[in-house]
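What follows is a short report on a single structure.
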Amino acid sequence: AAGLERAIDAFRAAGAEIVDVDLPLTNHGISTYYIIAPAEASSNLSRYDGIRYGHRAESRAGEGLDDLYARTRTEGFGEEVRRRILLGTYVLSAGYYDAYYNKARRVRSLIARDFTEAFEQVDAILTPTTPSAAFGITEEPSGVEMYMNDVFTVPASMAGIPGISLPAGLSSDGLPLGVQLL
């Protein structure tokens with residue numbers, strides 16, 4: 001909050017009029033993103049088979065094509081990428097496509113509408129980049145902590161609007177703070 005307040009004061013001092021805007025559906029940004037992005041990753045990365053595109057594992061004598069594909073993808077994609085591909089494949093599968101993917105696409109459209117309405121009132125939107133200061137160099141945040149750190153940046157991505165993260169000083173612990181200008 002301190003970094004955001006300093007940024008607001010700096011913009012005000014530069015002549016900006018500061019007004020609050022309501023973006024009610026941005027609280028659904030993370031859940032929408034973590035359905036749409038893995039689905040798109042799964043679809044787009046399916047062509048990376050090591051034959052035409054991407055990394056290719058060394059062939060082994062007597063190995064079938066399916067085994068080569070599996071080893072290629074295991075070697076070529078890290079754990080997080082594999083996790084996202086699996087999640088994306090799941091939400092795109094029969095029976096879940098409408099329940100998850102299509103619903104998330106509709107919510108993405110509503111998030112974009114919220115931003116469009118906000119930009120009828122203002123020229124730019126200023127938010128924190130993350131809910132807290134940067135993690136310390138020795139900290140090992142959980143996967144959920146990492147995902148939740150995207151809570152302010154993901155809605156802009158879902159709406160298809162540009163943004164830039166700017167340094168906003170240091171926390172009381174001396175860790176970097178950021179704000180984003182959309």
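Predicted, not measured: the structure shown is a model, and the values here were computed from it.
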Do you know which two heavy atoms are closest between Ala159 and Ala112, and how far apart they sit?
-> CB-CA, 3.7 Å
side-chain hydrogen bond (donor to acceptor under 3.5 Å, both in side chains) involving Asp150 - partner list, sequence neighbours excluded | Tyr34
Spacing of CZ belonging to Arg71 relative to CZ belonging to Arg60, to within rounding of 0.5 Å = 3.5 Å
Look up atom CD in Glu58 and atom CD in Glu75, then write down how far apart they are to the nearest 0.5 Å.
-> 8.5 Å
So if you build clusters from Ile, Leu, Val, Met, Phe, Trp, Tyr with side-chain heavy-atom gaps below 4.5 Å, do Leu86 and Phe77 land together?
-> no
Residue Glu17 excluded, over 12 heavy atoms near CD under 6.0 Å = no
Do side-chain atoms of Ser43 reach the backbone of Ala39 as a donor and acceptor pair under 3.5 angstrom?
-> no
Drop me the distance from Met146's CE to Glu80's CD, to the nearest 0.5 angstrom.
-> 9.0 Å
Would you mind listing every side chain to side chain donor-acceptor pair (under 3.5 Å) that reaches into residues 18-33, with sequence neighbours excluded?
-> none
Taking only residues two or more places apart in sequence or in another chain, which ones pass side-chain hydrogen bond (donor to acceptor under 3.5 Å, both in side chains) with Thr116?
-> none
Between Ile35 and Ala104, which heavy-atom pair has the shortest distance, and what is it?
-> CG2-CB, 3.7 Å
Is it true that Tyr101 and Tyr96 have ring centroids separated by less than 6.0 Å?
-> no
At their closest point, which heavy atom of Ala124 faces which heavy atom of Phe119, and how far apart are they?
-> CA-CE2, 3.9 Å
Treating Ile, Leu, Val, Met, Phe, Trp and Tyr as nodes and any side-chain heavy-atom pair under 4.5 angstrom as an edge, say whether Leu177 and Leu170 lie in one connected cluster.
-> no
Hphob cluster co-occupancy, Phe152 + Val179, side-chain heavy atoms under 4.5 angstrom | no
Go through the steps to decide whether Leu126 and Gln180 satisfy the test side-chain contact (heavy atoms from CB on, under 4.5 Å), and finish with yes or no.
-> CA-CA 6 Å; Leu126 185 71; Gln180 68 172 340; over 6 Å; no
Report yes or no: does Asn149 contribute a side-chain atom to a donor-acceptor pair with the main-chain N or O of Thr130 at less than 3.5 Å?
-> no
Distance (rounded to the nearest 0.5 Å) between Thr127 OG1 and Leu4 CG = 7.5 Å
What residues form a side-chain contact (heavy atoms from CB on, under 4.5 Å) with Ser157, not counting sequence neighbours?
-> none
Contact check, side chains of Phe135 and Leu175, non-hydrogen atoms, under 4.5 Å = no
For residues Arg56 and Ser59, report the shortest heavy-atom separation together with the two atoms involved.
-> NH2-OG, 3.9 Å
What's the shortest heavy-atom distance between Leu182 and Gly163, and which atoms?
-> CD2-CA, 3.7 Å
Hey, does Val81 have a side-chain heavy atom less than 4.5 Å from the side chain of Arg84?
-> no
Across all chains, not counting sequence neighbours, the side-chain hydrogen bond (donor to acceptor under 3.5 Å, both in side chains) partners of Glu79 are Arg83
Mind checking whether Leu23 and Pro155 have side chains closer than 4.5 Å, heavy atoms only?
-> no
Can you hop from Val19 to Ile161 via hydrophobic side chains spaced under 4.5 Å?
-> yes
Heavy-atom closest contact (Arg6 atom, Gly169 atom, distance) | NH2-CA, 3.6 Å
Quick one: does Asn44's side chain have a donor or acceptor within less than 3.5 Å of a partner on Glu40's backbone?
-> yes
Under the 3.5 angstrom rule, does the side chain of Arg82 hit a backbone N or O of Thr74 as a donor-acceptor pair?
-> yes
Got a second to check how far Phe11's CZ is from Ile18's CD1, nearest 0.5 Å?
-> 8.0 Å
Let me see the working for Asp67 and Leu65 under side-chain contact (heavy atoms from CB on, under 4.5 Å), right down to the final yes or no.
-> CA-CA 5 Å; Asp67 292 330; Leu65 192 56; over 6 Å; no
Rounded to the nearest 0.5 Å, what's the gap from CG on Leu87 to OH on Tyr100? Could you check?
-> 9.5 Å
Might you work through the side-chain contact (heavy atoms from CB on, under 4.5 Å) test for Thr153 and Thr129, ending with a clear yes or no?
-> CA-CA 6 Å; Thr153 56; Thr129 302; 4.0 Å; yes
Given side-chain contact (heavy atoms from CB on, under 4.5 Å), test Arg108 with Ile36 step by step and report yes or no.
-> CA-CA 9 Å; Arg108 176 175 58 185; Ile36 291 175; 3.6 Å; yes
Between Leu25 and Val122, is there a shared hydrophobic cluster once you connect ILVMFWY residues whose side-chain heavy atoms come closer than 4.5 Å?
-> yes
Does the side chain of Leu68 reach to within under 4.5 Å of the side chain of Asp66, using non-hydrogen atoms?
-> no
Sequence-distant partners of Thr89, side-chain hydrogen bond (donor to acceptor under 3.5 Å, both in side chains), two or more places apart | Ser42
